[in-house]
Asker: 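Sharing a structure below in structure tokens format, with a few things to ask.
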Amino acid sequence: ISTGVTSARSAAQSVIAALPSIQSFGAGRPTSTGFAARNSFIAAGYTYTYILQIRVAGTTSIIRTVQGSNGVEIDPTTDGQCSEGPNGLYCTKSDNVDGLDSGSTYEVRMVVSANNSTYRSEWSTVTTQ
């Protein structure tokens with residue numbers, strides 16, 4: 001005997017990998033042909049890499065990609081610039097970007113890869129001197 005009631009299908013579940021989260025990202029200290037960026041992460045315990053993407057301000061085309069920390073994978077458990085904080089391991093890195101046009105305004109963001117996932121920061125603006 002049918003009651004006309006059917007059971008609902010279970011909703012599909014997805015697992016989102018834990019990623020390093022960007023605590024702060026600054027494209028600061030402009031130079032005549034570039035800038036020095038200071039990048040801080042909550043590293044979430046994974047080995048990670050990151051790049052800096054640069055575009056001319058107000059455009060969407062990336063004109064340059066720079067490997068952060070010289071392209072070295074960073075293991076927060078052994079890296080000397082990472083330390084335990086209230087929400088996990090904090091890592092701070094500095095990167096220099098050169099070869100840009102003097103007096104021009106650029107946007108830069110950090111793209112972090114870890115645990116087969118990617119995280120992108122918001123764009124920050126910097127003007128070379």
Side-chain angles (χ1 to χ4, degrees):
I1 299 173
S2 174
T3 63
V5 176
T6 59
S7 61
R9 293 182 71 183
S10 298
Q13 294 184 359
S14 61
V15 176
I16 298 174
L19 284 175
S21 60
I22 295 172
Q23 178 189 14
S24 64
F25 171 69
R29 292 198 331 252
T31 64
S32 60
T33 59
F35 58 88
R38 183 174 173 84
N39 319 310
S40 295
F41 311 87
I42 299 174
Y46 294 102
T47 298
Y48 64 93
T49 58
Y50 69 94
I51 62 171
L52 302 175
Q53 293 179 328
I54 299 108
R55 66 185 184 190
V56 175
T59 67
T60 58
S61 296
I62 294 170
I63 61 165
R64 187 130 173 248
T65 299
V66 176
Q67 291 186 329
S69 294
N70 298 314
V72 176
E73 285 192 341
I74 299 163
D75 181 347
T77 60
T78 60
D79 189 281
Q81 295 182 42
C82 300
S83 59
E84 190 67 37
N87 297 313
L89 291 167
Y90 289 79
C91 300
T92 299
K93 298 291 180 183
S94 295
D95 294 288
N96 293 317
V97 176
D98 294 316
L100 302 175
D101 293 331
S102 179
S104 296
T105 302
Y106 297 92
E107 295 172 329
V108 60
R109 74 175 172 186
M110 185 168 47
V111 182
V112 180
S113 298
N115 197 30
N116 297 316
S117 297
T118 302
Y119 178 89
R120 290 172 178 79
S121 74
E122 297 295 322
W123 291 98
S124 295
T125 301
V126 63
T127 301
T128 56
Q129 294 177 340

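It should be emphasised that the depicted structure is a prediction, and the values quoted were computed from it without experimental measurement.
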Asker: Counting N and O atoms only, with roles assigned by atom type, does the side chain of Thr128 sit under 3.5 Å from a partner on the main chain of Gly103, one being a donor and the other an acceptor?
Answerer: yes

Asker: How close do Thr59 and Glu107 get, heavy atom to heavy atom, and via which atoms?
Answerer: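 Distance-wise, the nearest heavy atoms are O-OE1, 4.2 Å.
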
Asker: Which atom pair, heavy atoms only, marks the closest approach of Ile62 to Arg55?
Answerer: CA-CB, 4.1 Å

Asker: Closest heavy-atom contact between Tyr106 and Asp101?
Answerer: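 Residues Tyr106 and Asp101, closest heavy atoms: OH-N, 2.9 Å.
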
Asker: Name the residue from Thr118, Val66, Asp95, Val111 that meets the side chain to side chain contact (heavy atoms under 4.5 Å, CB included) definition with Tyr50.
Answerer: Asp95

Asker: Tell me, with the steps shown, if Ser121 and Arg109 meet side-chain contact (heavy atoms from CB on, under 4.5 Å).
Answerer: CA-CA 6 Å; Ser121 74; Arg109 74 175 172 186; 3.5 Å; yes

Asker: Please examine the side chains of Val126 and Pro30, heavy atoms only from C-beta on, and report whether any two atoms are closer than 4.5 Å.
Answerer: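 In short, these two side chains touch, coming nearer than 4.5 Å.
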
Asker: Does the pair Val97 and Leu52 meet the rule for a side-chain contact (heavy atoms from CB on, under 4.5 Å), with working shown?
Answerer: CA-CA 9 Å; Val97 176; Leu52 302 175; 3.9 Å; yes

Asker: So, taking the atom named CG in Asp79 and the one named CD in Glu73, what distance separates them when rounded to the nearest 0.5 Å?
Answerer: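 It is 12.0 Å, given to the nearest 0.5 Å.
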
Asker: I'd like to know if Ile63 and Phe35 are part of one continuous hydrophobic network [Ile/Leu/Val/Met/Phe/Trp/Tyr, side-chain heavy atoms within less than 4.5 Å].
Answerer: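 Yes: a chain of side-chain contacts under 4.5 Å links Phe35 to Ile63.
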
Asker: Starting at OG of Ser113, measure out to CZ of Arg120 and round the result to the nearest 0.5 Å.
Answerer: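 CZ of Arg120 is found 8.0 Å from OG of Ser113.
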
Asker: Quick one: closest heavy-atom pair of Cys82 and Pro76, and the distance?
Answerer: CB-O, 3.5 Å

Asker: With no hydrogens and no angle check, is any side-chain donor or acceptor of Ser102 less than 3.5 Å from a backbone partner on Thr33?
Answerer: no

Asker: Do you know the tightest heavy-atom contact between Gly34 and Leu100?
Answerer: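 For Gly34 versus Leu100, the nearest heavy atoms are CA-CD1, 4.0 Å.
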
